[in-house]
Amino acid sequence: NLSMNETTLVFDIMDMFEKGKVLKICAPMVRYSKLAFRSLVRKYNCDICFTPMIVAADFMRSVKARDSEFTTNESDRPLIVQFASHDAQTLADAACVVAPFSDGVDLNCGCPQRWAMSAGYGACLINKPELVKDMVRHIRNQVDNPNYTASIKIRIHKDLRRTVDLCQKAESAGASWITVHGRTAEERHQPVHYDAIKTIKDSVSIPVIANGDIKYLRDVESTHQLTGVDGVMAARGLLANPAMFTGYEDTPLECIWDWVDISIEQGTPFTCFHHHLIYMLERVSSQPERKVFNSLSSTSAVIDYLQNTYGSVDDLGS
């Protein structure tokens, strides 16, 4: 799945932060932020992409897991590999395996799903600052590339002082940057707490990324204005419109056909190919159209449908 010759593309993520522009980042999304989708959003102004969350212990235990969970190619950079872990050495081992093919690893301290929490992964880690500190330090000490980043992605506590303490501890252990999803582990669709993100940004000197409810390019600027963050990360906003970071309000036709091309070229499984299109077309199609589209069961049927309903890219100029 990845040729073992180390790629010549080396990005210094920390350099990207120094440039002073607000970085635009594709979030880690289970089943969705895979190579094909990353290839798509990179064509539309996405600066950095995350892999889906990978459980570090499984990744180290099985070659099969490594091959299915982590696929990349030469142009898939800058790339951050996100791991779920509660053991510092396992995490550092996993980081060393992916380091030649990526620009950093991120520790998931934000996943609120029950299975993750009960396994000791995800959002329960925000209550274990010493363990997080240890895990960050292990990555820092064991990956030999000094420009390789070790970051964490967190949710916030009801008592924000605990979150600030966690972030300061992570920073002292050598964390490169922190992504803050501005909700607690219990909150789902409640409004994002921008004030909390701002408080965290003001209490550390490493870059901070804001995550939560970024749906349009204008949200990038308003979030930056409200919080002073160094970047923003989008998940559902990019699923609905992979060209969001270029300023399109809805998915442009060109982007839909780019997805078709990339999927065919990379052999994306039909279910994944179809699911992404369902998301992309949701805001631009009617209920009856969606019903028809959702029931299609082959790539050729999907392509015919798109061609008949929206036309091809060649028609764009006419």
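Note that this is a predicted model, so its numbers are computed, not measured.
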(message) Quiz question: by atom type and distance under 3.5 Å, do the side chains of Lys24 and Asn45 form a donor-acceptor pair?
(response) no

(message) Is a donor from one side chain sitting under 3.5 angstrom from an acceptor on the other, for Asn241 and Tyr279?
(response) no

(request) Could you tell me whether Lys198 and Asp195 make a salt bridge, using a distance below 4.0 angstrom between a side-chain N and a carboxylate O? (result) no

(message) According to a hydrophobic-cluster definition based on side-chain heavy atoms being under 4.5 Å apart (Ile, Leu, Val, Met, Phe, Trp, Tyr only), do Ile214 and Leu217 belong together?
(response) yes

(message) I'd like to know if Glu249 pairs up with Arg218 as an ion pair, taking the criterion as any Lys NZ or Arg NE/NH1/NH2 lying under 4.0 Å from an Asp or Glu carboxylate oxygen.
(response) yes

(message) Tell me whether the count of non-hydrogen atoms from other residues, nucleotides or ligands lying under 6.0 Å of NZ in Lys201 goes above 12.
(response) yes

(message) Taking the basic N atoms (NZ, or NE/NH1/NH2) and the acidic carboxylate oxygens, is any pair closer than 4.0 Å for Lys34 and Asp76?
(response) no

(message) Using every non-hydrogen atom in the two residues, find where His86 and Gly120 come nearest and quote the distance to one decimal.
(response) CB-O, 3.4 Å

(request) Take the angle between the ring planes of Phe59 and Phe70 and call it parallel below 30°, perpendicular above 60°, tilted in between. (result) perpendicular

(request) Calculate, to the nearest 0.5 Å, the distance between atoms CD1 and CD1 belonging to Ile206 and Ile178 respectively. (result) 4.0 Å

(request) Run through the side-chain heavy atoms of Ile, Leu, Val, Met, Phe, Trp and Tyr, join any pair under 4.5 Å, and report what else lands in Ile80's cluster. (result) Ile13, Met14, Met16, Phe17, Leu23, Ile25, Ile48, Phe50, Trp177, Ile209, Met233

(message) Go through it in stages, so that I can follow the logic: the residues are His224 and Asp230, the test is side-chain hydrogen bond (donor to acceptor under 3.5 Å, both in side chains), and I'd like the CA-CA distance, side-chain angles, deciding distance and then a yes or no.
(response) CA-CA 7 Å; His224 173 66; Asp230 306 272; over 6 Å; no

(request) Could you tell me whether Glu187 and Arg155 have a side-chain N and a carboxylate O separated by less than 4.0 Å? (result) no

(message) Which residues pass the side chain to side chain contact (heavy atoms under 4.5 Å, CB included) test with Ser33, not counting sequence neighbours?
(response) Cys26, Met29, Pro52

(message) Keeping Glu289 on the side-chain end and Ser286 on the backbone end, is there a donor-acceptor pair under 3.5 Å?
(response) yes

(message) Parallel, tilted or perpendicular: which one describes the rings of Tyr121 and Trp115, with boundaries at 30° and 60°?
(response) perpendicular

(message) Side chains of Arg38 and Thr51: any donor to acceptor distance under 3.5 Å?
(response) no

(message) Less than 4.0 angstrom from a charged side-chain N to a carboxylate O is my criterion; do Arg161 and Asp165 meet it?
(response) no

(message) Which heavy atom of Ser102 sits nearest to which heavy atom of Val98, and what is that distance?
(response) OG-O, 2.8 Å

(message) List the residues meeting side-chain hydrogen bond (donor to acceptor under 3.5 Å, both in side chains) with Ser300, not counting sequence neighbours, and say none if there are none.
(response) Ser298

(message) Would you compute the distance between atom CG of Leu131 and atom NZ of Lys169 and round it to the nearest 0.5 angstrom?
(response) 12.5 Å

(request) Indicate the ring-plane relationship of Tyr248 and Tyr44, choosing parallel, tilted or perpendicular according to the 30° and 60° boundaries. (result) perpendicular

(message) Can a side-chain donor-acceptor contact be found between Thr179 and Asn211 if the only test is distance below 3.5 angstrom?
(response) no

(request) Compute whether any side-chain donor of one residue and acceptor of the other, for His274 and Asn294, lie under 3.5 angstrom apart. (result) no

